[in-house]
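Note sheet for the following structure.
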Amino acid sequence: MGTEIPTSPEISEALLLPEPNKTATVILDQDEHVPEWKEQITIRGLVVSALLGTLFCIITHKLNLTVGIIPSLNVAAGLLGFFFVKSWTGFLSKLGFTVKPFTKQENTVIQTCVVACYGLAFSGGFGSYLIAMDEKTYKLIGADYPGNHAEDVINPGLWWMIGFLFVVSFLGLFSLVPLRKVMVLDYKLTYPSGTATAMLINSFHTNSGAELAANQVKCLGKYLSLSLVWSCFKWFFSGVGDACGFDNFPTLGLTLFKNTFYFDFSPTYVGCGLICPHIVNCSVLLGAIISWGFLWPFVSQHAGDWYPADLGSNDFKGLYGYKVFIAIAIILGDGLYNLVKIIAVTVKELCSNSSRHLNLPVVANVVDDEASEILLVKKKRDEVFLKDRIPLGFAVSGYVGLAAISTATIPLIFPPLKWYFVLCSYFIAPALAFCNSYGTGLTDWSLASTYGKIGLFIIASVVGSDGGVIAGLAACGVMMSIVSTAADLMQDFKTGYLTLSSAKSMFVSQLVGTAMGCIIAPLTFYLFWSAFDIGDPNGPYKAPYAVIFREMAILGIEGFAELPKHCLALCYGFFVAALIVNLLRDITPPKISQFIPIPMAMAVPFYIGAYFAIDMFVGTVILFVWERINRKDADDFAGAVASGLICGDGIWTIPSAILSILRINPPICMYFGPALAR
């Protein structure tokens, strides 16, 4: 689990309804043929979904194992899905074959399938709770560290990871299916990402939208090629070890380089900067400046007083301990605040919805022509959405059956997590899944990782020192998987509703995409695990959240044992600061709150370093200037440029991993150091 950044604007459903006096649009909607749900799921669509799912799993793993910040890739998934199927149908047509038309419903199914697949690379814990169990993370924290026991080690294994994902990833899909009408039609939740995806797909399947999509695909392809060639070029100079190449280029001077302030020429991070909102990128940079510019140099000056000066750079009793625990404090402060906030907003909205239903007017208002046109479009969408019902008995029996299988299986994979803990989790999971899905519908912010951390702390503290670390981390995975997939499914139902796609085809494509992800996500992770040194704090694949999650589990058991001097006081200070900053963001006017940083984004560089913050800030500066020069072009093509940069660098990971497995090293080591005195 990394930090998943929502990137969609707040979008109201009204934006997708026809503009006044656009009768032709309404007629088109009314007369449009909607394929049966089985016709919306095609073989070509599933093949494209598997290909794109593999690519986005690789990209997600790379981001998760390096910095832990993962932007939304939904736009890229929709755009590439449209491009591949359009190219496929165009090629076959030129050969004289008769092909089925590519509909927006099929496009929506592909989008849903891809997102479900690569979503497991995020919620499956490959950068957090699963890898936190491994031997390298155990040794990094220290064999003599209180609460860190050699028995609490399970190294990644392909088969057990696939089995674990299969038994936990489907329950969330069944937990809220009966409430789809309530969430989408009755409460009219916005689900900003789902709505934005629907806007994108609907625009592709108009004449002007198809032309823009073709130009976006060309733009994406150009920057994908540039990124791929550049990543290949960088590899030749990266030598053996972690000190060579453009990734260690002291662009801002050697003094700042020692404090991790440098531009490392990463297309992926620059692309993230183009996709993520300006406030996220600026928050990351501010966190880097506070930590690596001021706090860590200040703490380092007290080496020998606050902590022994002769400790290694990765010893938790030294500076490394401050980095990890202060980052944890900020993450927990931000997560706790947002959890309370989302629950409060959810309760408030539920109460207001109930009161509105109790006070419905007896006499209907007279509607004008424009309003009646909008009602006709809404009626069409409602009919399609409700046409193919998913039986309540099927959803309930599916959840109960999967819960029974999971309750029996998970203790075999993680013996310290007893069956009754798993069963209790499945009793309370639907309620938490509802809260998370409702909150996501209002704010576009899924708190799956926060619910996972709560489960981690509770189970770890209850189990205690005899297996509590493994039990807590596994419980985190169980809870995260359910609440995350449930929120994703509701997002997809919203997208399907607005693109006239069948709810049944949405549900089936989620099931298929999740099944793909249960296989593809572990396979692509194992590519990284076999080829690179995952978890090395001095290497490119630091897996930063592995250490953080294991320490959280240990905290649940041991408390704050043997922290360095003043570390606990600093943790309290930053925890409270995260609460206050979040509160200020909510109580100040928008013209002020838009400039207040996001604590969760600030926390990431505290532990990892400042280099990726520089890259992301370069991306945000490029976007800012582009918006000032030509706002329309920036709106139309920034996502395509960013997706191309990220995808090209992600594709290079595959040949790079193969070369590493074959023990073929780069031929040149480009190294920078201080000039020798004459």
Side-chain angles (χ1 to χ4, degrees), residues 5 7-8 48 51-63 66-67 69-87 111 114 118 196-197 200 203-204 209-236 246-247 249 251 263-278 280-281 612 614-656:
I5 303 295
T7 57
S8 301
V48 168
L51 291 173
L52 291 179
T54 302
L55 172 61
F56 288 128
C57 276
I58 290 171
I59 293 169
T60 303
H61 286 317
K62 181 170 184 178
L63 289 169
T66 50
V67 296
I69 288 182
I70 303 168
S72 174
L73 300 171
N74 291 13
V75 171
L79 194 59
L80 287 172
F82 176 82
F83 165 69
F84 277 122
V85 178
K86 273 291 187 182
S87 301
Q111 166 85 17
V114 172
Y118 87 77
T197 302
L200 183 76
S203 71
F204 285 167
E211 184 179 347
L212 175 60
N215 291 329
Q216 289 174 326
V217 167
K218 289 178 184 176
C219 180
L220 188 151
K222 181 172 76 172
Y223 283 92
L224 185 151
S225 302
L226 288 173
S227 176
L228 179 59
V229 171
W230 172 247
S231 299
C232 178
F233 176 77
K234 283 203 308 177
W235 177 82
F236 282 93
F246 286 93
D247 291 343
F249 196 112
T251 43
F263 178 67
D264 75 345
F265 299 92
S266 169
T268 295
Y269 304 149
V270 174
C272 289
L274 282 166
I275 291 181
C276 292
H278 294 305
V280 171
N281 299 316
F612 79 96
I614 302 292
D615 293 5
M616 291 180 68
F617 188 70
V618 168
T620 212
V621 168
I622 292 171
L623 180 60
F624 181 81
V625 173
W626 192 357
E627 288 172 337
R628 294 299 174 272
I629 296 172
N630 191 328
R631 182 66 186 236
K632 185 178 185 306
D633 268 9
D635 290 342
D636 288 343
F637 295 104
V641 172
S643 300
L645 293 173
I646 294 171
C647 291
D649 200 21
I651 290 171
W652 171 249
T653 302
I654 300 173
S656 173

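Below, all heavy atoms of this structure are taken into account, side chains as well, without hydrogens, waters or symmetry copies.
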Worksheet item: Does any donor atom in the side chain of Ser231 or Asp649 lie under 3.5 Å from an acceptor atom in the other side chain?
Response: yes
Worksheet entry | Candidate pair Phe56 and Leu80, rule side chain to side chain contact (heavy atoms under 4.5 Å, CB included), full reasoning | CA-CA 11 Å; Phe56 288 128; Leu80 287 172; 4.0 Å; yes
Worksheet item: Does atom CZ of Phe204 have more than 12 heavy-atom neighbours, drawn from other residues, nucleotides or ligands, at distances under 6.0 Å?
Response: yes
Fill in: Whether Phe624 and His278 hold their rings parallel, tilted or perpendicular, with breakpoints at 30° and 60°
perpendicular
Worksheet item: Do Leu623 and Glu627 pass the side chain to side chain contact (heavy atoms under 4.5 Å, CB included) test, and can you show the C-alpha distance, the side-chain angles, and the key distance before you say yes or no?
Response: CA-CA 6 Å; Leu623 180 60; Glu627 288 172 337; 3.8 Å; yes
Practice prompt. Begin from the C-alpha positions of Cys272 and Ile646 and carry the test side chain to side chain contact (heavy atoms under 4.5 Å, CB included) through to its verdict.
Written response: CA-CA 7 Å; Cys272 289; Ile646 294 171; 4.3 Å; yes
Discussion item. Let's go through Phe84 and Leu51 carefully: what are the C-alpha distance in whole Å and the side-chain angles of both, what is the deciding distance for side chain to side chain contact (heavy atoms under 4.5 Å, CB included) to 0.1 Å, and is it a yes or a no?
Written reply: CA-CA 10 Å; Phe84 277 122; Leu51 291 173; 5.9 Å; no
Discussion item. Checking Phe263 now: which residues fulfil ring-ring contact (aromatic ring centres under 6.0 Å, His included) with it, not counting sequence neighbours?
Written reply: Phe265
Discussion item. Quick check against the 3.5 Å criterion: does Ser227 have a side-chain atom that pairs as donor or acceptor with the backbone of Leu224?
Written reply: no
Worksheet entry | Backbone N/O of Asp264 and side chain of Asp615: donor-acceptor pair under 3.5 Å | yes
Fill in: Nearest atoms (heavy-atom pairs only) where Ala77 meets Val114
CB-CG1, 3.9 Å
Response to the item:
Tested for ring pair (Phe, Tyr, Trp, His ring centres under 6.0 Å) against Trp230, the lone hit among Trp652, Trp235, Phe246 is Phe246
Discussion item. I'd like to check the side chain to side chain contact (heavy atoms under 4.5 Å, CB included) partners of Leu212; sequence neighbours left out, ordered by chain and number.
Written reply: Gln216, Asp636, Phe637
